[in-house]
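Following: one structure in structure tokens, then a few remarks.
The analysis underlying the following values was restricted to heavy atoms, covering all of them including side chains, and did not include hydrogens, waters or symmetry mates. Predicted model, so just to flag it, every value in this text is computed and none were measured.
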Amino acid sequence: MALTDYFRILRQRGWIIILLAILTAGAAFGFSRIQSTVYESSLKLLVRPARTDFGQSQAARELLGNYEQWLNSSYRAQEVINILQLDMEANALLGDVTVASDRLGLVVQLNVENTDPDLGNDIARTWGNLLIQWQNAENDKNRQEDRITIEFQDDPKVVGVSPNVEVNTAAGGVFGALLGIIVIFLLEWVESGVVRRAEDVERYLEIPVVGRIPGQ
């Protein structure tokens with residue numbers, strides 16, 4: 001197809017792309033608006049060795065991975081459920097929680113997703129307290145200079161993470177535009193055998209048109 005054919009197609013059928021883009025963007029916007037907002041509560045736990053020498057600091061860094069595994073457990077989830085008297089399964093709650101650590105800053109971070117920001121904060125705070133209590137029990141077995149303390153860096157911070165109305169609406173518009181392009185090319189393919197213009201005759205027969213019959 002020549003470049004002029006693409007311009008002709010867009011001029012004749014471009015409204016399909018615009019219409020589908022508007023419809024899908026509107027549908028994505030409406031769907032996003034009726035969804036419940038999901039919030040993420042983030043809690044940072046500072047890990048502090050009793051001594052600041054290299055050996056003790058390195059030992060604390062090595063423990064960060066152990067802390068992650070200890071926190072990322074259905075046992076911890078069940079303990080939180082029991083404390084807060086939540087009506088849910090441990091694995092379901094665990095699926096809303098992510099645990100990460102920063103070895104350079106000696107920080108363990110808990111992220112909890114929930115549709116209730118206050119409940120999300122309570123879950124993060126309770127989960128973090130479990131680690132503090134566990135480490136305190138471990139410290140009782142060690143000498144004072146070998147102990148490691150864990151404490152909250154701050155109260156849990158909460159932000160809305162979904163739905164992202166703007167992104168969903170834009171994505172819906174792009175999808176609709178792409179769908180419109182596909183529809184247009186399907187229509188052109190279906191009608192490819194129909195001869196309507198002199199240019200079509202010249203293209204298919206590869207001979208110039210020297211005359212035409214005027215319409216009645």
Side-chain angles (χ1 to χ4, degrees), residues 1-44 68 71-72 74 77 88-102 109-121 123-124 156-216:
M1 294 178 65
L3 185 60
T4 55
D5 291 323
Y6 288 106
F7 284 118
R8 174 184 59 80
I9 292 171
L10 287 176
R11 186 174 63 252
Q12 294 177 346
R13 305 187 189 273
W15 62 271
I16 297 177
I17 298 176
I18 297 173
L19 177 62
L20 288 178
I22 293 174
L23 289 177
T24 52
F29 175 81
F31 180 73
S32 298
R33 295 291 294 180
I34 64 175
Q35 285 185 301
S36 299
T37 302
V38 176
Y39 299 91
E40 183 179 74
S41 299
S42 297
L43 175 67
K44 290 185 177 181
E68 286 187 50
L71 288 167
N72 192 24
S74 60
M88 60 191 310
E89 297 292 330
N91 286 332
L93 177 58
L94 187 61
D96 295 331
V97 176
T98 56
V99 185
S101 62
D102 176 6
Q109 180 168 326
L110 273 165
N111 296 322
V112 180
E113 291 188 355
N114 200 282
T115 55
D116 184 340
D118 293 329
L119 179 57
N121 285 341
I123 292 172
K157 306 295 184 182
V158 63
V159 294
V161 292
S162 68
N164 192 321
V165 178
E166 293 80 8
V167 171
N168 291 348
T169 302
V174 171
F175 174 77
L178 293 176
L179 183 61
I181 292 173
I182 293 173
V183 170
I184 287 175
F185 277 97
L186 284 175
L187 291 174
E188 286 296 315
W189 178 77
V190 170
E191 298 180 359
S192 61
V194 179
V195 177
R196 292 192 177 90
R197 301 172 299 120
E199 291 83 354
D200 297 334
V201 175
E202 291 177 345
R203 184 168 63 252
Y204 291 124
L205 299 182
E206 297 182 352
I207 57 175
V209 174
V210 295
R212 68 180 64 187
I213 300 174
Q216 298 297 321

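- The heavy-atom pair separating T169 from A28 by the smallest distance is CA-CB, 4.2 Å.
- For L119, the side-chain contact (heavy atoms from CB on, under 4.5 Å) test picks out L86, N114, D116, I123, with sequence neighbours left out.
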Please assess M88 against D96 for the test side-chain contact (heavy atoms from CB on, under 4.5 Å), listing each intermediate value before the final yes or no. CA-CA 12 Å; M88 60 191 310; D96 295 331; 4.3 Å; yes
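- Annotation: side-chain hydrogen bond (donor to acceptor under 3.5 Å, both in side chains) contacts of S101 (sequence neighbours excluded): E68.
- Between L43 and N121, every side-chain heavy-atom pair lies at or beyond the 4.5 Å cut-off.
- Side-chain contact, N111 with Q109: a donor N or O sits under 3.5 Å from an acceptor N or O.
- Between W15 atom CH2 and L20 atom CG the span is 8.5 Å, to the nearest 0.5 Å.
- In terms of heavy atoms, A21 sits closest to T24 at O-OG1, 3.3 Å.
- Each of V183, I182, I181 was compared with F185 under the side chain to side chain contact (heavy atoms under 4.5 Å, CB included) criterion, and only I181 meets it.
- To the nearest 0.5 Å, the span separating CG on L19 from CG on L179 amounts to 10.5 Å.
- Considering CG of L110 and CG of N72, their distance stands at 9.5 Å, rounded to 0.5 Å.
- Taking A90 as the reference, S74, A77, Q78, I81 meet the side-chain contact (heavy atoms from CB on, under 4.5 Å) condition, with sequence neighbours excluded.
- Considering all non-hydrogen atoms of both residues, P117 and S41 come closest at O-OG, 3.7 Å.
- The line from NZ of K44 to NZ of K157 is 10.0 Å long, rounded to the nearest 0.5 Å.
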